[in-house]
Asker: 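Here it is: the structure, laid out below.
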Amino acid sequence: MTYDSNRIEALLDEGVRDKVYPGAVWAVGDATGIRVQGTTGVLDPDEPDVPMRPDTVFDAASLTKILAVWSSIGALWEDGVLDLDQPLGGFWTEVTGHPLGTVTARQLLTHTAGLPLRAQLKNLYGTDMDDIRRGVLHEQLHQPPGEAVEYTDRAALILGYLAEHLSGQPLDELATVRIWQPLGMHSTRFGPLPDEVAARCAPTELDQDTDTHLKGTAHDFSARLLGGVCGIAGAFTVLDDLVALLRYMLATDTAPKRAGFGPAWTTTSLTVQTGTLAPVRGLFWHPAPGTAPADDVWVHYGFTGTGMWVSPCQGRWAVLLTNKLYYTRDRQPLTDVRNAFRGLAFI
């Protein structure tokens with residue numbers, strides 16, 4: 001195996017110079033651990049003497065969907081308490097008789113459930129968490145299930161609610177007990193973060209209300225609206241914790257203890273589940289842009305600038321953590337860096 005760390009470092013250094021992001025933390029490795037890693041840039045441009053560090057805490061954004069929801073749903077599936085293909089209304093009374101009752105967990109995981117495409121929770125349902133839950137679970141579908149692949153945050157929000165229903169635990173407790181603690185992911189948690197942890201958190205977007213960049217509080221508005229914990233976003237994490245998860249996905253004996261899900265869930269999830277529909281998807285994971293399903297490189301991103309890739313076929317994983325939202329919501333500059341990084345990480 002080759003690991004072209006010099007070219008990766010040059011690529012990511014250029015991203016700092018071009019103000020794609022203030023800084024980045026990255027690593028590439030296999031089941032045995034990290035093979036190459038590095039940092040570049042600064043934590044906060046307002047503090048140019050404080051560099052990015054390997055233990056910088058990042059707002060995971062939509063990586064929460066993997067860290068908390070996908071992993072917990074996998075645990076419930078392996079426990080035998082969740083049938084991915086049974087309509088939700090058949091066992092979840094909150095959605096029985098409502099449009100969502102005709103949808104399956106597999107359709108939610110493949111973004112083929114026909115859900116509304118935008119969250120818009122406050123505009124539609126107000127600020128009361130019970131009203132939001134009721135509204136989301138009783139909403140009309142955007143289109144019939146199974147007809148199109150359309151990414152929507154609501155899929156993870158609903159699956160988070162489902163995981164809580166089946167387990168009898170809040171999502172943060174479920175993920176902590178079944179996934180994060182067994183894998184030794186001791187720095188992964190939902191926010192808001194305590195001050196001492198927030199101090200080493202990479203700041204994200206400027207908060208218009210306080211005129212300061214968010215730091216230790218989730219950027220995602222839905223997560224903030226729901227008290228910091230939801231399936232959409234809200235988790236914070238560090239490089240080493242993501243490495244622990246990705247190593248476990250490649251070889252379960254790398255973890256201190258067995259997590260709630262195992263090889264069966266990983267294999268199922270990193271397999272095309274959308275038939276002839278496009279774009280192709282597994283279960284929450286999808287083939288990395290610029291690759292074919294046969295290349296077996298799967299990815300999930302976070303809106304704040306986070307991303308992780310895994311390839312069971314190649315026995316390799318990669319992580320790239322940035323706080324690109326400090327500068328802009330424009331996706332393209334980071335998209336170009338991500339695709340180049342993936343090309344160097346999986347040669």
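Note that the numbering runs from 1 along the sequence shown for the chain.
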Asker: Return yes if a side-chain donor-acceptor contact under 3.5 Å exists between Asp59 and Thr304, otherwise no.
Answerer: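 No, Thr304 and Asp59 have no side-chain donor paired with an acceptor closer than 3.5 Å.
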Asker: How long is the straight-line distance from SG of Cys201 back to NE2 of His213, given to the nearest 0.5 Å?
Answerer: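 Spacing of NE2 (His213) from SG (Cys201) equals 13.0 Å.
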Asker: Taking all non-hydrogen atoms of both residues into account, name the closest pair between Trp298 and Ser269 and its distance.
Answerer: CZ3-O, 4.4 Å
Asker: Please step through side chain to side chain contact (heavy atoms under 4.5 Å, CB included) for the pair Trp70 and Leu159, ending with a clear verdict.
Answerer: CA-CA 8 Å; Trp70 169 81; Leu159 285 167; over 6 Å; no
Asker: Counting only N and O atoms by type, is there a donor-acceptor contact under 3.5 Å from the side chain of Thr267 to the main-chain atoms of Pro263?
Answerer: yes
Asker: Testing the basics here: between Ala218 and Gly234, what is the closest heavy-atom pair and its distance to 0.1 Å?
Answerer: CB-CA, 3.9 Å
Asker: Just by distance, do the side chain of Asp241 and the backbone of Thr188 share a donor-acceptor pair under 3.5 Å?
Answerer: yes
Asker: If you define the side chain from C-beta out and look only at heavy atoms, does anything of Leu115 sit under 4.5 Å from Leu100?
Answerer: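 Side chain of Leu115 against side chain of Leu100, heavy atoms only: contact under 4.5 Å found.
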Asker: Working to the nearest 0.5 angstrom, can you tell me the gap between Thr306 OG1 and Met308 CE?
Answerer: 8.0 Å
Asker: Are any side-chain N or O atoms of Thr252 and backbone N or O atoms of Gly262, one a donor and one an acceptor, separated by less than 3.5 Å?
Answerer: no
Asker: Given side chains that start at C-beta, do those of Leu162 and Leu82 come closer than 4.5 Å, heavy atoms only?
Answerer: yes
Asker: Could you go through the side chain to side chain contact (heavy atoms under 4.5 Å, CB included) check for Tyr125 and Gln120 one step at a time?
Answerer: CA-CA 8 Å; Tyr125 315 120; Gln120 297 182 314; over 6 Å; no
Asker: Report yes or no: does Asp336 contribute a side-chain atom to a donor-acceptor pair with the main-chain N or O of Pro333 at less than 3.5 Å?
Answerer: no
Asker: Quick one, Asp83 and Phe91 - any side-chain contact, counting heavy atoms below 4.5 Å?
Answerer: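 No, side chains not in contact.
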Asker: From Trp285 CH2 over to Trp309 CH2, what is the distance, rounded to the nearest 0.5 angstrom?
Answerer: 10.5 Å
Asker: Is a side-chain donor or acceptor of Trp317 paired with a backbone partner of Asp30 at a separation under 3.5 angstrom?
Answerer: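 The answer is yes, because a donor-acceptor pair under 3.5 Å joins these two groups.
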Asker: Could you check whether Asp130 pairs with Arg133 (Lys NZ or Arg NE/NH1/NH2 to Asp/Glu carboxylate O, under 4.0 Å)?
Answerer: no
Asker: Using the rule that two of Ile, Leu, Val, Met, Phe, Trp, Tyr join whenever any of their side-chain heavy atoms come within less than 4.5 Å, decide whether Met129 and Tyr161 are in one cluster.
Answerer: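 Yes, same cluster.
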Asker: Atom CD1 of Ile232 and atom CD1 of Ile158: how far apart are they, to the nearest 0.5 Å?
Answerer: 9.0 Å
Asker: State, with a plain yes or no, whether a side-chain heavy atom of Asp44 is found less than 4.5 Å away from one of Tyr326.
Answerer: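 Yes, close enough: below the 4.5 Å cut-off.
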Asker: Are side-chain N/O atoms of Asp13 and Thr40 paired as donor and acceptor at under 3.5 Å?
Answerer: yes
Asker: Indicate the atoms forming the closest heavy-atom contact of Gly231 with Thr64, along with that distance.
Answerer: O-CG2, 4.2 Å
Asker: Any non-hydrogen side-chain atom of Gln86 less than 4.5 Å from a side-chain atom of Trp92?
Answerer: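 No; the side chains remain at least 4.5 Å from each other.
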Asker: Can you see which heavy atom on Ala318 is nearest to which on Leu246, and at what distance?
Answerer: O-CD1, 4.0 Å
Asker: Does Thr102 use its side chain to pair, donor to acceptor, with the backbone of Pro99 at less than 3.5 Å?
Answerer: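 Yes; at least one donor-acceptor contact below 3.5 Å.
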Asker: Treat each ILVMFWY residue as a node, draw an edge where side-chain heavy atoms are under 4.5 Å apart, and state whether Leu239 and Leu344 are in one component.
Answerer: no
Asker: Check whether any side-chain N or O of Thr217 sits under 3.5 Å from a backbone N or O of Leu214 as a donor-acceptor pair, and report yes or no.
Answerer: no
Asker: What residues form a salt bridge (Lys or Arg N to Asp or Glu O under 4.0 Å) with Glu78, not counting sequence neighbours?
Answerer: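 Expected list: Arg258.
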Asker: If you draw a 6.0 Å radius around CG in Asp195, do more than 12 non-hydrogen atoms from other residues or ligands fall strictly inside?
Answerer: no
Asker: Any link between Leu283 and Leu63 through a network of hydrophobic side chains (Ile, Leu, Val, Met, Phe, Trp, Tyr) touching at under 4.5 Å?
Answerer: yes
Asker: Give me the atom names and distance for the closest heavy-atom approach of Ala31 to Leu250.
Answerer: N-CD1, 3.9 Å
Asker: With the 4.5 Å side-chain cut-off for hydrophobic clustering, are Val95 and Leu166 part of the same group?
Answerer: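 Yes; Leu166 is reachable from Val95 via cluster members.
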Asker: Would the distance check show the side chain of Ser62 and the main-chain N or O of Gly302 forming a donor-acceptor pair, the cut-off being under 3.5 Å?
Answerer: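 Looks like no, no N/O pair under 3.5 Å.
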Asker: Looking at CG of Leu137 and CZ of Arg154, how far apart are the two atoms once the value is rounded to the nearest 0.5 Å?
Answerer: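 Going from the CG atom of Leu137 to the CZ atom of Arg154 covers 10.0 Å.
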Asker: Should we count CZ of Arg53 as having more than 12 external heavy atoms under 6.0 Å?
Answerer: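 Open: at most 12 neighbouring heavy atoms sit under 6.0 Å from CZ of Arg53.
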Asker: Once you measure the plane-to-plane angle for Tyr151 and His111, does it fall in the parallel (<30°), tilted (30-60°) or perpendicular (>60°) bin?
Answerer: tilted
Asker: Please work out whether the ring planes of Phe261 and Tyr248 are parallel, tilted or perpendicular, with thresholds of 30° and 60°.
Answerer: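 Geometry flag for Tyr248 against Phe261: perpendicular rings.
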Asker: Check the angle between the aromatic planes of His98 and His138 and answer parallel, tilted or perpendicular using the 30° and 60° thresholds.
Answerer: parallel
Asker: Is any side-chain heavy atom of Met52 less than 4.5 Å from a side-chain heavy atom of Asn323?
Answerer: yes
Asker: Side chain of Thr274, backbone of Val280: donor and acceptor closer than 3.5 Å?
Answerer: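 Absent.
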Asker: Say whether, by atom type as modelled, one donor and one acceptor occur between the side chain of Thr322 and the main chain of Ala24 under 3.5 angstrom.
Answerer: no
Asker: Under the side chain to side chain contact (heavy atoms under 4.5 Å, CB included) criterion, do Glu164 and Leu171 qualify, and how do the steps go?
Answerer: CA-CA 6 Å; Glu164 292 179 333; Leu171 181 61; 3.5 Å; yes
Asker: Ion pair present between Arg178 and Asp79, side-chain N to carboxylate O less than 4.0 angstrom?
Answerer: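 Between Asp79 and Arg178 there is a salt bridge, with a charged N closer than 4.0 Å to a carboxylate O.
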Asker: If we only count heavy atoms from C-beta on, is the Thr110 to Val149 side-chain gap below 4.5 Å?
Answerer: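 Of all side-chain heavy-atom pairs linking Val149 with Thr110, none is under 4.5 Å.
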Asker: Parallel, tilted or perpendicular: which one describes the rings of Phe284 and His300, with boundaries at 30° and 60°?
Answerer: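 Ring orientation of Phe284 relative to His300: tilted.
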Asker: Nearest 0.5 Å, what's the CG-CE distance between Asp240 and Met185?
Answerer: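 Spacing of CG (Asp240) from CE (Met185) equals 10.5 Å.
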Asker: So, do Lys324 and Val337 sit near enough that their side-chain heavy atoms are less than 4.5 Å apart?
Answerer: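 Heavy-atom side-chain distance check fails, nothing below 4.5 Å.
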Asker: For Ala202 versus Leu43, what's the shortest heavy-atom pair and its separation?
Answerer: CA-CD1, 3.7 Å
Asker: Would you please test Val243 and Gln37 for side chain to side chain contact (heavy atoms under 4.5 Å, CB included) and show each step?
Answerer: CA-CA 11 Å; Val243 171; Gln37 70 179 116; over 6 Å; no
Asker: Can you get from Phe236 to Phe58 by hopping between Ile, Leu, Val, Met, Phe, Trp and Tyr side chains that sit under 4.5 Å apart?
Answerer: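 No; tracing contacts between hydrophobic side chains, which count when under 4.5 Å, never links both residues.
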Asker: When you check the gap from the basic side-chain N to the acidic O, do Asp153 and Lys65 get nearer than 4.0 Å?
Answerer: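 The answer is yes: the pair qualifies as a salt bridge.
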